[in-house]
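Numbers here simply count residues along the sequence, with the first being 1. No experiment lies behind these values; they were computed from the predicted model shown. In listed order, ligands and their atoms are each counted from 1.
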Amino acid sequence: MPNTPTQPNTPTQTYTPMPDSEVQRALVITAHPDDVDFGAGGTIATWTDAGIEVVYCICTDGDAGGFDLEFPREQMAGLRRAEQLEAAKRLGVHDVRYLGYPDGRLEASFELRRDISRVIRQVQPQRALVQSPERDYERIGRSHPDHRAAGEAALNCVYPDARNPFAHPELRIDEGLDAWITPETWVMGTPHVAHLPAHYVDVTDTFDRKIHALRAHESQTGHMDELDTFVGKWLRANAERAGWPEGRLAEAFLVMATA
Ligand SMILES: [Zn+2]
């Protein structure tokens, strides 16, 4: 069969996301503080508004971030944790967990997979939101090697590690964490939304909260006078791709069934 858009033949193309009302817990897994706010802040606000308990799992402390060469490096990790906590609060998220890997050197290692699997089994989410493991040649900034490593590791945990009781057996035997199947997974920042049917979330009404959350990352966005302009431009382009009327803003995801 030829692979044409009119002949859906992948789960991504046929899958309709679960209604938010059926999701009790969502787990977001990212490489750095601020990634979730750039990629999905408006969507997170719609989830918490709908009563979903959202947990962030952040693989690094973002200690290689920032622009101020004078700022003491040893203080950066603490500052970025505090900024992320504040940003999370602004979107209704109160549970932020850090894995403490060094920023800029993240690899989709077996150790990282164990640590992410641990959090999946602790949180037991119905929905996971992860970064894309693929490089985007059109917008290279979102393909930071840490983002791709976090995405690769997180997807390996969604399937198969977290659900396989024999993967990372110490989690079950020493920590009493049973296997967990996450039935739905969202991928943000993926180049595939340009040619596969994406799922678009209307963030027109939560845009201001997204910007407010991004502003909490002062060490990263303090110098960005045009923050709302360029973020708005991305979101307008998504809405346009979705075929929505002018003036709407959207965040775009690939959503797949992972039960
Ligand atoms: Zn990042």
Side-chain angles (χ1 to χ4, degrees), residues 26-44 54-68 71 73 75-88 90-91 93 96-109 112-113 115-116 119 128-157 185-193 203 210-224 226-228 230-231 233-235 238 251-254:
L27 177 63
V28 180
I29 301 153
T30 65
H32 308 122
D34 83 14
D35 291 344
V36 62
D37 301 297
F38 274 112
T43 298
I44 298 297
V54 178
V55 178
Y56 293 168
C57 171
I58 300 177
C59 300
T60 80
D61 288 331
D63 45 293
F67 299 89
D68 183 354
F71 187 82
R73 271 296 118 183
Q75 291 177 26
M76 186 51 88
L79 175 66
R80 296 208 64 191
R81 282 188 184 216
E83 287 175 344
Q84 180 65 84
L85 276 176
E86 175 59 29
R90 293 180 183 186
L91 299 179
V93 177
V96 183
R97 305 181 191 193
Y98 294 92
L99 301 183
Y101 284 77
D103 185 5
R105 284 180 277 155
L106 197 66
E107 288 178 328
S109 64
L112 178 62
R113 284 165 56 179
D115 290 344
I116 293 173
V119 178
L129 168 59
V130 306
Q131 292 175 294
S132 172
E134 289 130 341
R135 189 185 292 280
D136 184 346
Y137 288 105
E138 287 175 13
R139 248 176 64 195
I140 203 158
R142 62 182 181 187
S143 301
H144 189 292
D146 286 356
H147 297 181
R148 287 183 286 127
E152 178 70 16
L155 286 168
N156 287 340
C157 294
T185 301
W186 296 40
V187 183
M188 63 178 166
T190 164
H192 285 310
V193 292
V203 296
K210 176 185 174 89
I211 296 296
H212 191 46
L214 282 166
R215 286 291 181 205
H217 299 281
E218 218 184 315
S219 66
Q220 311 304 299
T221 61
H223 66 299
M224 295 179 184
E226 308 290 310
L227 179 69
D228 33 359
F230 75 75
V231 173
K233 205 167 128 194
W234 298 342
L235 304 182
N238 286 337
E251 288 173 342
F253 305 90
L254 285 189

Next item on the list: May I ask you to decide if Asp63's main-chain N or O and Arg73's side chain share a donor-acceptor pair within less than 3.5 Å?
Entry: yes
Note to self: Testing the basics here: between Ala149 and Ala108, what is the closest heavy-atom pair and its distance to 0.1 Å?
What the structure shows: O-CB, 3.6 Å
Next item on the list: Give the ring-plane orientation class for Trp234 versus Phe38, where under 30° counts as parallel, over 60° as perpendicular and anything between as tilted.
Entry: tilted
Item checked: Pair Ser132, Glu134: side-chain N/O donor-acceptor within cut-off below 3.5 Å -> yes
Note to self: If I consider every N, O or S atom in His32, which one ends up closest to the Zn ion (ligand 1)? I only need its name.
What the structure shows: ND1
Check: Counting backbone and side chain alike, does Asp35 bring an N/O/S atom below 2.8 Å of the Zn ion (ligand 1)?
Finding: yes
Note to self: Would you say the Zn ion (ligand 1) has His147 as a near neighbour, meaning an N/O/S atom of that residue under 2.8 Å away?
What the structure shows: yes
